[in-house]
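Worksheet: the structure to be examined is printed underneath.
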Amino acid sequence: MRRRCVAALPMLAIAPWLPAMAGGRIAQSSRTLMGTRVDITLDGVDASVANAAMRAAWSEMTRLADMMSRYQLGNAVHAMHLSAGLQPVVVPAEMMRVLSAGQAVAARSEGAFDMTVGALTAWRFDQSIPVVPSADEIARDLPLVDFRDVVLDPHRQTAFLRRRGMRVDLGGIAKLPILQAGMAVLKSHGVTSAMINGGGDVLVIGQRGGTGWRIGVRDPVAPDRLLGVLGVQGDTVVAASGDYERAFTVAGRRYHHILDPRTGMPEQRMRGVVLLARDVDAVNGMGPAMMVAGQGAARRWLAGMPGVEALMVEASGERWMSAGMRRRLA
């Protein structure tokens, strides 16, 4: 979760042209966190309460983001990398939950999601200095990508990477829990209506202006265009994975940051996935897995994910929506 100034998974965006409800007390705050812009919006909260709640939420989300960033020296992720192939390291409880979630999603997706893609260190997705690794570099690093070589001991609170050179990248599995922790802090301050938008992953509680929150869904094929608007309220999560923000083109070929753990290369079949659910755990990590595995596998998984709605956009621009998503997307 490197600190960048671009959105990591920005398929979703709060439509900036939606007006505040008349008479509503709207409080907003934005920061760059986890390599993307994060926005907090509160409705119907006194200014003093809103400011204190948002300060506390930022503090907690920043603490967790620093804890789980692979670019932060001295944290538990760094310790895991240094101790790879040597010995287990003690990790904080919050990180153990994220690591366990990553292992569960990897197994559930048959390896399409794998947090050990962090070992593919030769890739650079900064558009100013993009780097495509050579075939030899990918062949060197790819044997280190295997979620089954992450050994977790919840009783001792330890994590162990079995082989020297292994790395984890928690960006695809930690962001939603971090946003969820921020929302929990807001709730603890008495906030009952809020939205947190973290680079396309959106959590809401309550309603805005007594009706609902509206979230514009961008078209990943043409990011300046909206596919539609989702109206949501109550405890809701909208998780988006897309390929157009952290991407570059070299010699006529387009590369993006969602790597296939089996090949070490970006999977080219999908352009974006949007998942709608009531619970973070139901969708966390599944968007990137669906991007890698493709529509056929994604639809098969969705059959076993009750209450989850989906929108998928293929490289051709063809769209598929679940029946519930079709009803919700205006």
Side-chain angles (χ1 to χ4, degrees), residues 4-21 28 30 32 34-39 41 125-128 130 172 175-176 179 195-204 208 211-233 236-250 252-258 266-277 283 286-288 290-292 294-295 298-299 302 308-330:
R4 301 173 184 264
C5 295
V6 298
L9 298 173
M11 190 184 213
L12 292 182
I14 301 172
W17 37 264
L18 295 176
M21 302 299 177
Q28 295 180 307
S30 301
T32 298
M34 299 177 287
T36 191
R37 172 173 166 162
V38 178
D39 303 291
T41 305
F125 290 98
D126 291 309
Q127 292 188 2
S128 59
K175 184 165 66 165
L176 276 174
L179 300 181
M195 171 186 283
I196 302 180
N197 176 13
D201 289 331
V202 182
L203 275 65
V204 306
R208 179 171 179 175
T211 55
W213 299 94
R214 301 182 71 192
I215 303 170
V217 180
R218 288 184 179 177
D219 184 345
V221 178
D224 58 343
R225 182 177 65 198
L226 290 180
L227 290 177
V229 176
L230 282 170
V232 298
Q233 57 184 302
T236 305
V237 54
V238 185
S241 297
D243 72 352
Y244 70 86
E245 192 74 24
R246 291 182 61 194
F248 59 87
T249 301
V250 173
R253 181 171 179 180
R254 192 167 178 278
Y255 300 91
H256 63 83
H257 73 290
I258 300 176
E267 174 52 54
Q268 302 292 337
R269 286 177 291 182
M270 302 285 288
R271 297 297 303 273
V273 174
V274 178
L275 300 173
L276 172 67
V283 295
M286 291 305 295
M290 291 176 179
M291 289 277 293
V292 167
Q295 185 185 138
R299 292 174 65 174
L302 284 167
V308 176
E309 305 298 341
L311 161 66
M312 291 181 275
V313 181
E314 296 192 341
S316 64
E318 180 182 350
R319 304 169 197 162
W320 179 89
M321 283 184 276
S322 63
M325 180 67 79
R326 189 175 292 109
R327 289 193 299 269
R328 299 285 294 273
L329 190 66

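Numbers here are sequence positions counted from 1.
- A heavy-atom distance below 4.5 Å is not found between the side chains of V273 and M286.
- Side chains of V232 and R214 form no contact here, defined as non-hydrogen atoms less than 4.5 Å apart.
- Within the 3.5 Å criterion, the main-chain N or O of R271 finds no donor-acceptor partner in the side chain of H256.
- Remark: M291 CE to R269 CZ distance equals 11.0 Å, nearest 0.5 Å.
- Once rounded to the nearest 0.5 Å, the distance linking CG of D243 with NE2 of H257 reads 8.5 Å.
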Inset, instruction - Show the numbers, then the answer: is there a side chain to side chain contact (heavy atoms under 4.5 Å, CB included) between L179 and V38? - result: CA-CA 9 Å; L179 300 181; V38 178; 4.1 Å; yes
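- Taking CZ of R37 as the start and OG of S30 as the end, the distance is 4.0 Å to the nearest 0.5 Å.
- Residue V204 comes nearest to W213 through the heavy atom pair CB-CD1, 3.8 Å, listed as atom of the first residue, atom of the second, then distance.
- Of all heavy-atom pairs spanning F125 and Y255, the tightest one is CE2-C, 4.4 Å.
- Counting heavy atoms from C-beta outward, L302 and E309 have side chains that stay 4.5 Å or more apart.
- Using a distance-only test at 3.5 Å, with no hydrogens or angles considered, no donor-acceptor pair links the side chain of T249 to the main chain of G252.
- Minimum interatomic distance between S128 and P130 (heavy atoms only, all atoms of both residues): C-CD, 3.5 Å.
- Salt bridge absent: R218 and D224 never bring a charged side-chain N and a carboxylate O closer than 4.0 Å.
- With a 4.5 Å cut-off on side-chain heavy atoms, V308 and L276 do not count as touching.
- With respect to D219 and R319, a salt bridge is recorded, a charged nitrogen being found less than 4.0 Å from a carboxylate O.
- Among all heavy-atom pairs drawn from G287 and L275, the shortest one is N-CD1, 3.8 Å.
- Using a 4.5 Å cut-off on side-chain heavy atoms (C-beta onward), V221 and V313 make contact.
- Although no hydrogens or angles enter the test, the distance criterion places no donor-acceptor pair under 3.5 Å between the side chain of K175 and the main chain of M34.
- In this structure, the separation between CE on M195 and CG on D39 is 9.5 Å, given to the nearest 0.5 Å.
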Inset, instruction - For L230 and V217, run side chain to side chain contact (heavy atoms under 4.5 Å, CB included): C-alpha distance rounded to whole Å, both residues' side-chain angles, the deciding distance at 0.1 Å, then the answer. - result: CA-CA 7 Å; L230 282 170; V217 180; 4.0 Å; yes
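- Residues V283 and V237 meet the side-chain proximity criterion, which asks for heavy atoms closer than 4.5 Å.
- Across R328 and G231, no two heavy atoms sit closer than the pair NH2-O, 3.3 Å.
- Atom-to-atom distance recorded for L203:CG and T236:OG1 is 9.0 Å, nearest 0.5 angstrom.
- Between M270 and V292, the closest side-chain pair of non-hydrogen atoms is not below 4.5 Å.
- The heavy-atom pair separating A240 from D201 by the smallest distance is N-OD1, 3.0 Å.
- With a 4.5 Å cut-off on side-chain heavy atoms, I215 and V229 do not count as touching.
- Note that CD of E314 and CH2 of W320 are 11.0 Å apart. Values are rounded to the nearest 0.5 Å.
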